[in-house]
Amino acid sequence: MTLAAQIKLAAEDALKHLFPNVDLSTAAITVNQTKPEFKGDYTLVLFPFVKLLRQKPDELGKIIGNYLLEKTELFSAFDIVSGFLNLTIRDTCWVSFLLNHFNDAHYGEKSKHDKRIMVEYSSPNTNKPLHFGHLRNNFLGYAMAEILKANGNQVVKANLVNDRGIHICKSMIAWQRYAQGDTPARTGIKGDHLVGDYYVKFNDAYKAEVEQLVAEGMDKDTAEKEAPIMKDAQDMLRKWEMGDSDVRSLWAMMNGWVYDGFDKTYARLGIDFDKVYHESETYLLGKDIVKEGLRKGVLYQKEDGSMWVDLTEEGLDQKLLLRGDGTSVYMTQDLGTAKLKYNDYKLDQSIYVIADEQNYHMQVLKLILKKLGEPCADGIYHLSYGMVELPSGRMKSREGTVVDADDMIDEMVGLAKTQTEEAGKTEGFSADELSKLYDTIGLGALKFYLLRVDPKKKMIFDPKESIDLHGFTATFIQYAHARICSILRKEGCPLQPDSTKFQSFSLKREILPAEKKLAHALEQYPDVLEDAAKEYNPSLLCNYSFQLAQLFNSFYDEHSISKAENEEKKHLRLMLIVMTAQVLRHAMHLLGIRLPEKM
RNA sequence: GGUCCGGUAGCUCAGUUGGAUAGAGCAUCAGCCUUCUAAGCUGAGGGUCAUUGGUUCGAAUCCAAUCCGGAUCACCA
């Protein structure tokens, strides 16, 4: 249990004993961290009790403070400042905390339990390579899955690949028409990029055909429907659905190229999955659920045979679920897939990492499943995140304004290289070590940049301004870690020492403010990790880790570890920095960010 | 028009069951390397927390209204 939680309990106990006749259940007990300008470590707010107990804040504080000092082992002093009871934690508490946890590689984690959670993320289309916006999705999903795991859940990382549909046929048609048999192997172009190039080519050709038809006197709407290349694509989609073997083998070949490309990108990013679903295998699902809903009378049918759900009572609209000809729409297959996932893994919760443009869709999805009485409905949670935009607006692959993910990675790794070289920090590294280091720094910076803000906020990225490696960045945290490792190397202290390493430690002198601040921050990590899961927000780990690194840097500047005043101080500080490095590594690991031992 | 999300320093953002004088980073300015890695540290300036009202001991935080920005409301995916 964290100190804050212990203090809360102690305060509750104190109030119960001191005022047995007063019901204080309505008055919330708030324990905060004491502001730095006041003496103390934790603060109990007295105002809520003042009225109920008809006591002056100062007197009440004195009574509670004295009780806590006497009855618990937690505090060494207290101080009352205008309605706030500031409590000072006993130095020995900090020391026993450090002794208990300094080498615990799983510090902050919760013990395993049975809750099964699926996190679906990435979910790319197989007609183009990943862009910068997809990176936010991938990093968020991966981090969220890892955070939930660390909180004891059984987690399935899932990827639902959008591998069929008209957009896929567009790339295929353009390739047939223009590629003259080019392949990734022959051109040396990464498979997803090659296919993406033909998707762009389709749109160029389509645009030209529409213009030509308009020039010949056709109106624009008709021209957009009549353009031969578009008709070809639609024709191809029909053939695909009928299982035409030529179309299917072209489709399999081109998707194969894309998967090769994606695999490389995923490997580079350190992104992985436990289960991959393909829409080509799930797009027919959901029809049964809809028909069943009609039988139950939850849905209704129009004269043309189409099936609908009426959500006007919920403040939403009517939604089509099955066309008159019996074919499904997007929502239909999502209903089916939700049920499929649930049945595959007996999920307690199913998290969808999807951009906020689909908020409405996800709201409707959950609502329909609920109306249909499907048990998977309650567990559905949409982890909605804001889109990444350029200063000029949204990225559009058709207009070629996208920032490509592979390019972005290369750029960041390149930036890491130049900055390392400029700082003259390449000595003592082999070429292999250097290239690994640049990956660590470049990818770390990229991940941190996309994870450090609240997911639901949209972000604007200006490609002209490179991502910073100073300040609130992964680099800052990596640097603090490398500094700690450097000290430990010189001291002959392992990164994860044996638990007996500081067995003989006993505290004789007062803990100094900078030392206490670090211990204080370390003590709060379990709460932060729990909050990140509860709020589905990895950025909390970014904020916390940055603060911890900042505290370490100040500490490092103020006190020497190697040349500490005496052995006692040296041991105390070694414990502090060993644990700081440990917690930083743990938090960053959950985000997929590596921390180097040298940089 | 309906629903949802956002508006905090010049810029990017923290601020989570309502708590003390609203905090970081970047940028600007002034200091700090003979001493464990200066990718760092210390300090300064910079605020009508979109606006107005309400709730109360106390509001950036809760409520109401208004303004601004965005998303969405397809027999598209």
Side-chain angles (χ1 to χ4, degrees), chain A residues 28 30 32 34-35 37-38 43 45-48 50-51 57 81-84 86 125 162 164-168 279 283 302 304 306 308 311-312 314-325 327-331 333-334 355-364 384 386-387 389 394 416 419-420 422-423 425 441 449 452-454 456-462 465 468-473 475-480 482-491 531 534-535 537 539-540 542-544 546-547 549-550 552-564 573 577 598-599:
Chain A
T30 43
N32 299 330
T34 306
K35 300 266 171 214
E37 54 267 41
F38 300 99
T43 297
V45 186
L46 298 170
F47 295 109
V50 167
K51 214 195 241 173
V81 185
S82 58
F84 297 91
N86 298 330
N125 295 340
N162 186 336
R164 51 135 251 134
I166 189 70
H167 50 297
I168 312 294
E279 280 200 15
Y283 81 107
K302 286 192 178 173
D304 63 356
S306 58
W308 297 71
L311 300 172
T312 44
E314 284 83 359
L316 305 173
D317 295 309
Q318 322 222 330
K319 183 89 193 165
L320 175 89
L321 297 180
L322 216 52
R323 294 190 183 101
D325 62 6
T327 56
S328 41
V329 290
Y330 187 49
M331 184 62 79
Q333 62 172 297
D334 269 7
D356 60 7
E357 61 181 352
Q358 295 202 37
N359 283 355
Y360 184 81
H361 177 82
M362 290 304 297
Q363 194 188 347
V364 171
S384 166
M387 313 263 282
E389 293 178 11
R394 283 170 72 162
Q419 298 225 0
T420 305
E422 271 171 23
K425 302 211 171 200
I441 296 173
Y449 181 84
R452 67 182 193 177
V453 295
D454 189 330
K456 63 174 173 285
K457 295 200 175 177
K458 75 167 182 196
M459 47 193 309
I460 293 168
F461 173 70
D462 189 346
E465 294 167 19
D468 213 328
L469 301 182
H470 300 272
F472 185 28
T473 63
T475 317
F476 185 95
I477 294 163
Q478 289 168 329
Y479 184 62
R483 275 176 144 182
I484 292 175
C485 292
S486 169
I487 297 168
L488 296 179
R489 269 195 303 275
K490 287 193 176 149
E491 288 300 316
D531 287 348
K534 273 190 190 154
E535 293 170 28
N537 187 353
S539 78
L540 299 184
C542 293
N543 288 320
Y544 170 82
F546 176 66
Q547 275 169 31
Q550 236 177 355
F552 164 75
N553 278 330
S554 299
F555 171 79
Y556 174 92
D557 197 62
E558 199 175 331
H559 302 294
S560 176
I561 290 105
S562 305
K563 292 179 186 162
R573 288 173 192 170
I577 65 169
K598 265 199 299 184
M599 67 186 279

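Treat the numbers as computed from the prediction; the structure is a model and nothing was measured. Basis for what follows: all heavy atoms, side chains included, without hydrogens, waters or symmetry-related copies.
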Side-chain N,O ([X]) to OP1/OP2 ([N]) below 4.0 Å:
X: A:Lys490; N: B:U37; result: yes
X: A:Ser554; N: B:U42; result: yes
X: A:Lys425; N: B:A39; result: yes
X: A:Lys457; N: B:G7; result: yes
X: A:Ser486; N: B:U37; result: yes
X: A:Arg483; N: B:A38; result: yes
X: A:Gln550; N: B:G25; result: yes
X: A:His470; N: B:G40; result: yes
X: A:Tyr330; N: B:C75; result: no

Using both distances under 3.5 Å as the test, list the Watson-Crick or G-U wobble partner of [N], or none.
N: B:U52; result: B:A64
N: B:U3; result: B:A71
N: B:U42; result: B:A30

Between [M] and [N], how far apart are the [atom1] atoms? Round to whole Å, please.
N: B:G6; M: B:A64; atom1: P; answer: 15 Å
N: B:U12; M: B:A50; atom1: P; answer: 15 Å
N: B:A22; M: B:A39; atom1: P; answer: 34 Å
N: B:G53; M: B:A59; atom1: P; answer: 14 Å
N: B:G7; M: B:C49; atom1: P; answer: 14 Å
N: B:U17; M: B:A77; atom1: P; answer: 43 Å
N: B:G1; M: B:G58; atom1: P; answer: 37 Å
N: B:G46; M: B:A24; atom1: P; answer: 15 Å

Base orientation of B:C68, syn vs anti, 90° cut from 0: anti
Using a heavy-atom cut-off of under 4.0 Å over every strand shown, decide if [X] touches base, sugar-phosphate, or nothing.
X: A:Asp454; result: sugar-phosphate
X: A:Leu540; result: base
X: A:Phe38; result: base
X: A:Asn162; result: sugar-phosphate
X: A:Met387; result: nothing

Using the six-membered ring wherever Trp is involved, compare the ring planes of A:Phe546 and A:Phe472 and label them parallel, tilted or perpendicular (cut-offs 30° and 60°). tilted
A:Phe84-B:A20 aromatic stacking (under 5.5 Å, under 30°): yes
Under the criteria of a ring-centre distance below 5.5 Å and an interplanar angle below 30°, is A:Phe47 stacked with the base of B:G19? yes
Consider the side chain of [X], meaning its heavy atoms from C-beta on, and name the nucleotide among [options] that approaches it most closely.
X: A:Phe472; options: B:G19, B:G25, B:C5; result: B:G25
X: A:Tyr556; options: B:C36, B:C75, B:G40; result: B:C36
X: A:Tyr479; options: B:A77, B:A39, B:U42; result: B:A39
X: A:Asn359; options: B:C4, B:G40, B:G6; result: B:C4
X: A:Thr30; options: B:C5, B:C75, B:G19; result: B:G19

Say whether, by atom type as modelled, one donor and one acceptor occur between the side chain of A:Arg573 and the main chain of A:Ala564 under 3.5 angstrom. no
Check: A:Arg323 side chain, A:Ser328 main-chain N or O, donor-acceptor pair, under 3.5 Å: yes
Whole-Å distance between [N] [atom2] and [X] [atom1]?
X: A:Asn32; N: B:G15; atom1: CG; atom2: C1'; value: 13 Å
X: A:Asp468; N: B:C13; atom1: CG; atom2: C1'; value: 14 Å
X: A:Arg394; N: B:U72; atom1: CZ; atom2: C1'; value: 10 Å
X: A:Asn543; N: B:G23; atom1: CG; atom2: P; value: 16 Å
X: A:Leu46; N: B:A20; atom1: CG; atom2: P; value: 14 Å
X: A:Met599; N: B:A38; atom1: CE; atom2: P; value: 12 Å
X: A:Phe546; N: B:U12; atom1: CZ; atom2: P; value: 18 Å
X: A:Met459; N: B:U12; atom1: CE; atom2: C1'; value: 9 Å

Regarding A:Thr473 and A:Asp468, do their side chains bring together a donor and an acceptor under 3.5 Å, going by distance alone? no
Taking the basic N atoms (NZ, or NE/NH1/NH2) and the acidic carboxylate oxygens, is any pair closer than 4.0 Å for A:Glu357 and A:Arg394? yes
Salt-bridge test for A:Lys456 and A:Asp454: reply yes if a basic N is under 4.0 Å from a carboxylate O, no otherwise. yes
Ranking A:Tyr360 and A:Lys35 by the position along RNA chain B of their nearest nucleotide, the one closer to 5' is A:Lys35
Considering heavy-atom distances to RNA chain B, does A:Asn537 or A:Glu279 have its closest nucleotide positioned more toward the 5' end? A:Asn537
Would you say the base of [N] and the side-chain of [X] have a donor-acceptor pair closer than 3.5 Å?
X: A:Thr43; N: B:A20; answer: yes
X: A:Thr420; N: B:A39; answer: yes
X: A:Asn86; N: B:A20; answer: yes
X: A:Asp356; N: B:C4; answer: no
X: A:Lys563; N: B:U35; answer: no

Just wondering, do A:Phe84 and A:Lys35 contact through their side chains at under 4.5 Å, heavy atoms? no
Indicate yes or no: at least one non-hydrogen side-chain atom of A:Tyr283 is less than 4.5 angstrom from one of A:Arg164. yes
Between A:Tyr556 and A:Arg483, is there a cation-pi geometry (under 6.0 Å to ring centre, at most 45° from the normal)? yes
Atom CD1 in A:Ile441, atom OG1 in A:Thr475: separation rounded to 0.5 Å? 6.5 Å
